[in-house]
Enquirer: 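Just dropping this structure here.
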Amino acid sequence: MTDQEPEQTTISPDVLRVGGFEQPFTYEVSDHADELAERFADLEPGTETGQQVSIAGRLMLRRVQGKLAFGTLADSTGRIQLFAPSKTTPAFEEFCELNIGDWVGVSGEVMTTRRGELSVRVDHWTLLVPTRRSFPDKWHGISDPDTRYRQRYVDLWVTDGARKAFQTRSKMLSLLRRFLEDRGYIEVETPIFHPVAGGALARPFVTHHNALDMDMFLRIAPELYLKRLIVSGFEKVFEIGRVFRNEGISTRHNPEFTMMECYEAYSDYNAYMEMTEELVAYLAQELCGSTTITYDGREVDLSTPWRRAPVSELTSETIGEDISIETPIERLREICDQFEVPWKDSYGPGKLLLEIYEKTTEGNLWDPVFVTDYPAEVSPLSREHRDKPGLVERFEAIVVGRELCNGFTELTDPDEQRRRFFAQVEQKEAGDDEAMDVDYDYLRALEFGLPPTVGLGIGMDRLAMLLTDRATIRDVVLFPTLRPEVFSAADMQRD
RNA sequence: GCGCCUCUAGCUCAAGUGGUAGAGCAUCGGACUCUUAAUCCGCAGGUUCUGGGUUCGAGUCCCAGGGGGCGUACCA
């Protein structure tokens, strides 16, 4: 931008507010609040630095006392005080009439006040745009969660830490990309419209394409396309993208959420457990400054290596009785009843074991654990365990009682995959509307040969919650899904 | 889905057992040259979520509906 307007040094009162206000097209910013705080830390009170800077943001506080005014300007990085003496501030009267929430650009000398507060003296200033609505209470901000999510553009200014969480999330994604790219992965983008919703067990959203006159599903996982790419000859791929599941909304569930999935040829789940723990420890170190972090007031030790234990072992520990998929089905059903775990006749031993595990054990695992060796019955895309019949080479990392990721050695045998798909169809017919459909193109891809491969999926929102210490997914999703707002007549008639 | 809770001014909150809806902040007007949630004086600001009902009288009690939160179920 070289064609910046000359900076406004005089403003007449009648153009200050909405009526005759002329908005500049650009504003040259040289510095941000936090950088200045860092650069000019520890100045003596009453210092004049001789350093001219230019900053911009919203006026969040204002303290006018006759011939001298103070303001607090907030930008994307933080806040800094504005110092405006009537003698040197252009259009001083108008400056004092700025409202809380107005966007202003200010340039001037960096200095400290007699009380030692780092400030920018207002040598020049420009109204960038006035706010036409009142900002929330400058001390309490917004407390109603509904208002926070619907008016995120206000929330991010007035709620402590709100912006920071999203900045951390962004950095997390950036570090994740670097981590994978450093290991030779390439990032790909696969379809979001799926003719068959596969790759996970979940109810999909349905949409309609007019020209093709066909219903399509919004993807519930990118998995099957990414494995097609391994068949295609990409050896290491990943995708970070939105997936959509037509299920309940809660503090941990948003209908659209961001999933990272990666796949690597010639490798197995042992290697991926190592990569996963290394990745998460790395992100914690970079974002939180330590591999020991705090979540919900409690320490979480993410340092490597993480404990690894089979589903059956962890569950046996909890219930005080050795159980596995070898346990007679009658006994498993009794245990379900004993722990108030609902079950159906159609559940095999594997499904029963997993249900018992999820209801009794998963929520109590705080420090990270790789839970391994899931029943094949509940893992239709995973490869059979190399020496444990009936199980698959699958792991989930459980941290703070929640599933953080899901990975497994991939099933490569097209015949076995076909059988698993049809078993899913049977479950669907038995009333499980989250069961998978048969993806015949995927089977054809497998028939062309999927080399030994491992895959991993990590929910980015859950990971962001963990690393930013947020209790609700809505604090790490900018615009969480809500019912449409009903606008008042006053809102609709504003012009 | 189900259960519990909640909704009052732009924002944060008050209004014993039913009795004229108030305050702080913000906005607007005024005072003030080192404040920092500035302070001080003043004005204005309301379909108490919506619709019914009970009552002489409803923000308050009852019914229905809506928004939201939490828990639970499904799931990541």
Side-chain angles (χ1 to χ4, degrees), chain A residues 17 45-46 59-73 79-89 92 96-97 99-102 111-119 121 130-151 154-155 157-159 200-203 220-221 243-261 340-342 355 358-359 362 396-398 402-406 432-434 457-465 471-474 480 482-491:
Chain A
R17 301 303 302 173
L59 188 71
M60 299 309 287
L61 295 171
R62 189 194 44 187
R63 300 174 289 281
V64 177
Q65 37 180 77
K67 297 284 195 294
L68 177 64
F70 298 88
T72 299
L73 188 80
R79 297 182 172 202
I80 191 165
Q81 177 164 274
L82 304 177
F83 179 79
S86 59
K87 276 188 181 165
T88 58
T89 303
F92 178 76
C96 294
E97 284 171 24
N99 280 355
I100 287 178
D102 285 351
M111 37 107 31
T112 53
T113 60
R114 277 180 218 159
R115 293 286 179 81
E117 174 90 10
L118 181 68
S119 309
R121 196 201 320 116
T131 178
R132 295 170 67 172
R133 292 191 182 242
S134 292
F135 258 54
D137 187 286
K138 61 194 177 189
W139 184 248
H140 298 97
I142 307 175
S143 68
D144 177 20
D146 186 32
T147 308
R148 288 190 50 213
Y149 305 137
R150 290 189 195 279
Q151 301 182 33
V154 179
D155 179 47
W157 289 104
V158 302
T159 302
L201 304 173
R203 290 162 62 185
I220 55 174
V243 298
F244 308 85
R245 298 190 184 175
N246 207 339
E247 286 160 355
I249 296 177
S250 77
T251 46
R252 291 175 288 284
H253 303 265
N254 199 54
E256 51 177 311
F257 62 102
T258 303
M259 177 83 95
M260 188 288 298
E261 285 196 12
E340 295 177 336
V341 177
E355 291 291 321
E358 286 179 350
K359 296 296 183 298
E362 187 176 273
E396 289 190 358
I398 308 299
R402 299 177 196 156
E403 181 186 337
L404 183 69
C405 71
N406 182 16
D432 182 355
D433 49 12
E434 290 177 356
I458 306 181
M460 294 291 99
D461 313 87
R462 295 272 176 90
L463 184 57
M465 285 169 69
T472 164
I473 196 170
R474 297 185 184 98
L482 298 171
R483 284 201 159 77
E485 188 173 354
V486 177
F487 283 92
S488 67
D491 273 323

Enquirer: Is there any protein nitrogen or oxygen under 3.5 Å from a nitrogen or oxygen in nucleotides 64-68 of chain B, and what are the pairs?
Expert:
residue: B:G67; atom: OP1; partner: A:Arg483; partner atom: NE; Å: 2.7
residue: B:G67; atom: O3'; partner: A:Arg150; partner atom: NH2; Å: 3.2
residue: B:G67; atom: O2'; partner: A:Asp146; partner atom: OD2; Å: 3.4
residue: B:G68; atom: OP1; partner: A:Arg150; partner atom: NH2; Å: 3.4
residue: B:G68; atom: OP1; partner: A:Arg483; partner atom: N; Å: 3.0
residue: B:G68; atom: OP2; partner: A:Arg483; partner atom: NH1; Å: 3.3

Enquirer: Rounded to the nearest angstrom, tell me the gap between atom CD1 in A:Ile220 and atom P in B:C74.
Expert: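 Going from A:Ile220 (CD1) to B:C74 (P), I get 17 Å.
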Enquirer: What's the closest nucleotide to the A:Arg63 side chain, out of B:U36, B:C11, B:C34?
Expert: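 Closest nucleotide to the A:Arg63 side chain: B:U36.
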Enquirer: Can you check the distance between B:G67 and B:G22, where both ends of the measurement are the C1' atom (answer in whole Å)?
Expert: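 To the nearest whole Å, 26 Å.
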Enquirer: Taking the side chain of A:Lys138 as heavy atoms from C-beta outward, which of B:A37, B:A76, B:U27 is closest to it?
Expert: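 Closest of the options to the side chain of A:Lys138: B:A37.
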Enquirer: To the nearest angstrom, how far is A:His140 atom NE2 from B:A14 atom P?
Expert: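 My rounded result for the distance is 11 Å.
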Enquirer: CZ of A:Arg133 versus C1' of B:A9: gap in Å, rounded?
Expert: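 Between C1' of B:A9 and CZ of A:Arg133: 14 Å.
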Enquirer: Looking at B:A76, B:C11, B:U27, which one has an atom nearest to any side-chain atom of A:Arg62?
Expert: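 The answer is B:U27, which lies nearest to the side chain.
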Enquirer: Applying the Watson-Crick and G-U wobble criteria at under 3.5 Å, what pairs with B:G3? Answer none if nothing qualifies.
Expert: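 B:C70 is the nucleotide pairing with B:G3.
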Enquirer: Scan nucleotides 42-45 of chain B against the protein and return all N/O pairs shorter than 3.5 Å with their distances rounded to 0.1 Å.
Expert:
none

Enquirer: Return the set of residues passing salt bridge (Lys or Arg N to Asp or Glu O under 4.0 Å) with A:Glu403 (not counting sequence neighbours), or none when no residue passes.
Expert: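 Salt bridge (Lys or Arg N to Asp or Glu O under 4.0 Å) list for A:Glu403, sorted by chain: empty.
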Enquirer: Expressed as a whole number of angstroms, how long is the span from A:Arg132:CZ to B:A26:C1'?
Expert: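 Going from CZ in A:Arg132 over to C1' in B:A26 covers 18 Å.
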Enquirer: With rounding to the closest Å, how many angstrom separate the P atoms on B:C41 and B:C49?
Expert: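 Those two atoms are separated by 32 Å.
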Enquirer: Which nucleotide, if any, forms a Watson-Crick or G-U wobble pair with B:U27, using both distances under 3.5 Å?
Expert: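 No nucleotide pairs with B:U27.
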Enquirer: Can you check the distance between B:U48 and B:C4, where both ends of the measurement are the P atom (answer in whole Å)?
Expert: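 Between the two P atoms, the distance is 27 Å.
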Enquirer: Go through B:C25, B:C74, B:G10 for me and flag the one nearest to the A:Ser134 side chain.
Expert: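 Among the listed nucleotides, the one closest to the side chain of A:Ser134 is B:G10.
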Enquirer: Heavy atoms from C-beta onward define the side chain here; which of B:U36, B:C25, B:G71 lies closest to that of A:Thr251?
Expert: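 For the A:Thr251 side chain, the nearest candidate turns out to be B:G71.
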Enquirer: Measure from CZ on A:Arg252 to C1' on B:A76 and round the result to the nearest Å.
Expert: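 From A:Arg252 CZ to B:A76 C1': 11 Å.
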Enquirer: Give the rounded distance in Å between these two atoms: CD of A:Gln65 and P of B:A31.
Expert: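 Going from CD in A:Gln65 over to P in B:A31 covers 15 Å.
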